[in-house]
Trainee: 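Below you'll find the structure I mean.
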Amino acid sequence: MKIDIVTFSCDSTPIYYEFWKPISKYWKTKFGIHPVLLYCGDKNIDLSEEYGTVHRVPSVSGVADYHSATWGRFWITKKYPDKVCITGDIDMIPLSRKFFIDDVEKFADDTYVHLNSGWYYGNNTETWKSEYNIISAYYHIATGKVFNDVYGFEDDFVAEMRKFEAVDYTGKNKGVGIGYAHLS
C-alpha cells in the first residue's frame with residue numbers, strides 16, 4: 001500500500017484553516033502525498049491550491065460546522081475511490097517517513113488500517129472497542145472505496161451530515177456518543 005492522498009477538513013476557525021498552506025506544502029514536499037482539504041462553512045476564506053486540492057461544502061443547517069469538519073475528512077475520501085487515503089489532523093505535523101511511508105507498504109490496498117488504534121491504551125488495539133474509550137480521527141488509511149464500504153457514505157454531504165447527526169445513542173454506552181465501524 002502506498003498513500004496517495006492525505007485528507008484534512010476545517011471550518012472557518014482561523015486557528016485551524018491557517019494550517020492549510022504550511023501543512024499541505026509539508027505533506028506534498030516531504031512525503032510526496034497529495035493533500036486534500038474539505039472546507040465546511042459559508043465564509044469565503046482564501047485557501048491556496050498551490051500544494052493540494054480544496055473542496056468546499058456549505059454549512060449544514062442545524063449541524064455545527066466543527067462536526068462537519070470532523071467527519072468531513074472521512075467523507076471526502078469518497079471522491080477518490082481508487083486512491084489510498086490517510087485522514088490527517090490539520091494541526092499535526094508528521095515527522096517519520098518510516099511511520100507514514102515504509103511501515104504502510106506492508107498492507108494490501110484492500111485493507112483498512114488505523115496507525116494509532118492502540119496508542120492511547122498502551123498499544124492494545126482492542127481497547128477502543130470498550131465503553132467510553134475513544135479512537136482518534138487521524139491516521140486512518142484505506143482506499144476511498146474501502147472507506148465508503150465501511151461507512152456507507154451518502155453521495156451528498158448534507159445528507160451525510162443529517163445521517164451522522166441522527167444516530168441515536170439512547171441506551172448505548174449510557175448515552176455517550178461513541179460509534180463503532182464494523183469491519184466484518
Trainee: Please step through side-chain contact (heavy atoms from CB on, under 4.5 Å) for the pair Y139 and M92, ending with a clear verdict.
Mentor: CA-CA 11 Å; Y139 305 157; M92 291 177 62; 3.6 Å; yes
Trainee: Could you give me the CA-CA distance, side-chain angles and deciding distance for L37 and C10, then say whether side-chain contact (heavy atoms from CB on, under 4.5 Å) is met?
Mentor: CA-CA 8 Å; L37 175 70; C10 70; 3.9 Å; yes
Trainee: What about Y66 and V57, same hydrophobic cluster or not, with Ile/Leu/Val/Met/Phe/Trp/Tyr joined at side-chain heavy-atom distances under 4.5 Å?
Mentor: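 The answer is no; the residues belong to distinct hydrophobic clusters.
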Trainee: Heavy-atom distance under 4.5 Å between the side chains of E165 and H67, does that happen here?
Mentor: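 Touching, per the 4.5 Å side-chain cut-off.
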Trainee: Distance from K145 atom NZ to T77 atom OG1, nearest 0.5 Å?
Mentor: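 Between K145 NZ and T77 OG1, I get 12.0 Å after rounding to 0.5 Å.
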Trainee: Does any part of the side chain of I23, heavy atoms only, come nearer than 4.5 Å to the side chain of I93, both counted from C-beta?
Mentor: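 The answer is yes, as the side chains (C-beta and beyond) meet within the 4.5 Å cut-off.
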Trainee: Sequence neighbours excluded, which residues qualify as salt bridge (Lys or Arg N to Asp or Glu O under 4.0 Å) partners of D155?
Mentor: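 Scan of D155 (salt bridge (Lys or Arg N to Asp or Glu O under 4.0 Å), adjacent residues dropped) gives K78.
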Trainee: Taking the side chain from N148 and the backbone from F153, do they hold a donor-acceptor pair closer than 3.5 Å?
Mentor: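 Pair found, side chain donor or acceptor close to backbone of F153.
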Trainee: Quick check: closest heavy atoms across A108 and T111, and the distance to 0.1 Å?
Mentor: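 So the two residues come closest at O-OG1, 2.7 Å.
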Trainee: Below 30° counts as parallel, above 60° as perpendicular, anything between as tilted: where do the rings of F31 and W27 land?
Mentor: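 Correct class here is tilted.
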Trainee: Which distance, rounded to the nearest 0.5 Å, do you find between the CG of L47 and the CH2 of W20?
Mentor: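 CH2 of W20 is found 8.0 Å from CG of L47.
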Trainee: Looking at G88 and Y138, what are the two nearest heavy atoms and their distance?
Mentor: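 In this case the closest contact between G88 and Y138 is C-CB, 4.1 Å.
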Trainee: With sequence neighbours left out, which residue pairs that include part of residues 81-93 fulfil the side-chain hydrogen bond (donor to acceptor under 3.5 Å, both in side chains) condition?
Mentor: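 Checked against side-chain hydrogen bond (donor to acceptor under 3.5 Å, both in side chains) - neighbours excluded - the pairs reaching residues 81-93 are R73-D89.
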Trainee: Rounded to the nearest 0.5 Å, how far apart are CD of E50 and OG of S24?
Mentor: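 Between E50 CD and S24 OG, I get 8.0 Å after rounding to 0.5 Å.
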Trainee: Where is the tightest heavy-atom contact between P94 and F100, given as atom of each residue plus distance?
Mentor: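 Distance-wise, the nearest heavy atoms are CB-CE1, 3.2 Å.
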Trainee: Could you walk me through whether F74 and Y151 pass the ring pair (Phe, Tyr, Trp, His ring centres under 6.0 Å) check?
Mentor: CA-CA 9 Å; F74 289 90; Y151 296 112; 5.7 Å; yes
Trainee: With sequence neighbours left out, what residues match K98 under salt bridge (Lys or Arg N to Asp or Glu O under 4.0 Å)?
Mentor: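 Scan of K98 (salt bridge (Lys or Arg N to Asp or Glu O under 4.0 Å), adjacent residues dropped) gives D103.
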Trainee: Do S68 and F164 touch side chain to side chain, with heavy atoms closer than 4.5 Å?
Mentor: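 A side-chain contact is absent here, since even the closest heavy-atom pair is not under 4.5 Å.
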Trainee: So how far is it from I101 CD1 to K30 NZ, rounded to the nearest 0.5 Å?
Mentor: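 The distance works out to 9.5 Å.
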Trainee: Output all residues satisfying side chain to side chain donor-acceptor pair (under 3.5 Å) with Y80, sequence neighbours left out; order by chain, then residue number.
Mentor: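 Per chain and number, Y80 pairs via side chain to side chain donor-acceptor pair (under 3.5 Å) with H55.
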Trainee: Holding to side-chain contact (heavy atoms from CB on, under 4.5 Å), I want the full list of residues that pass it with V158, two or more places apart in sequence or in another chain.
Mentor: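 side-chain contact (heavy atoms from CB on, under 4.5 Å) list for V158, sorted by chain: V60, D156, R162.
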Trainee: Do Y51 and L38 sit in the same hydrophobic cluster, where Ile, Leu, Val, Met, Phe, Trp and Tyr count as joined when their side-chain heavy atoms come under 4.5 Å apart?
Mentor: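 Hydrophobic grouping puts Y51 apart from L38.
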Trainee: Between V54 and S48, which heavy-atom pair has the shortest distance, and what is it?
Mentor: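 Reported closest heavy-atom pair: CG2-O, 3.8 Å.
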Trainee: Calculate, to the nearest 0.5 Å, the distance between atoms OG1 and NE2 belonging to T53 and H34 respectively.
Mentor: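 T53 OG1 to H34 NE2: 2.5 Å, rounded to 0.5 Å.
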Trainee: What is the minimum heavy-atom distance between V84 and M1, and which atoms define it?
Mentor: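 Answer, listing the atom of V84 first, then M1: CG1-CG, 3.7 Å.
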Trainee: For the residue pair V36 and I76, establish whether any side-chain heavy-atom pair is separated by less than 4.5 Å.
Mentor: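 The answer is yes; the side chains approach within 4.5 Å.
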Trainee: Does either side chain, that of D109 or that of T143, offer a donor lying less than 3.5 Å from an acceptor on the other one?
Mentor: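 No.
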Trainee: Could you tell me whether Y26 atom OH has more than 12 heavy atoms of other residues or ligands within 6.0 Å of it?
Mentor: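 Counting neighbours around OH of Y26, more than 12 heavy atoms of other residues, nucleotides or ligands fall under 6.0 Å, so yes.
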Trainee: Would a distance-only check, ignoring hydrogens and angles, find a side-chain to backbone donor-acceptor pair under 3.5 Å from E154 to A159?
Mentor: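 Looks like no, no N/O pair under 3.5 Å.
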Trainee: Could you tell me the separation between the CD1 atom of I90 and the CZ atom of F8, rounded to the nearest 0.5 Å?
Mentor: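 Here the interatomic distance stands at 6.5 Å.
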Trainee: What side-chain hydrogen bond (donor to acceptor under 3.5 Å, both in side chains) pairs are there with at least one residue in residues 5-14, not counting sequence neighbours?
Mentor: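 The answer is D11-T13.
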Trainee: Measure across A142 and Y112 and return the closest heavy-atom pair with its distance rounded to 0.1 Å.
Mentor: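 Closest heavy-atom pair between A142 and Y112: CB-CD1, 4.0 Å.
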Trainee: Would you say K79 has more than 12 foreign heavy atoms packed within less than 6.0 Å of its NZ?
Mentor: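 It does not: K79 NZ has 12 such atoms or fewer within range.
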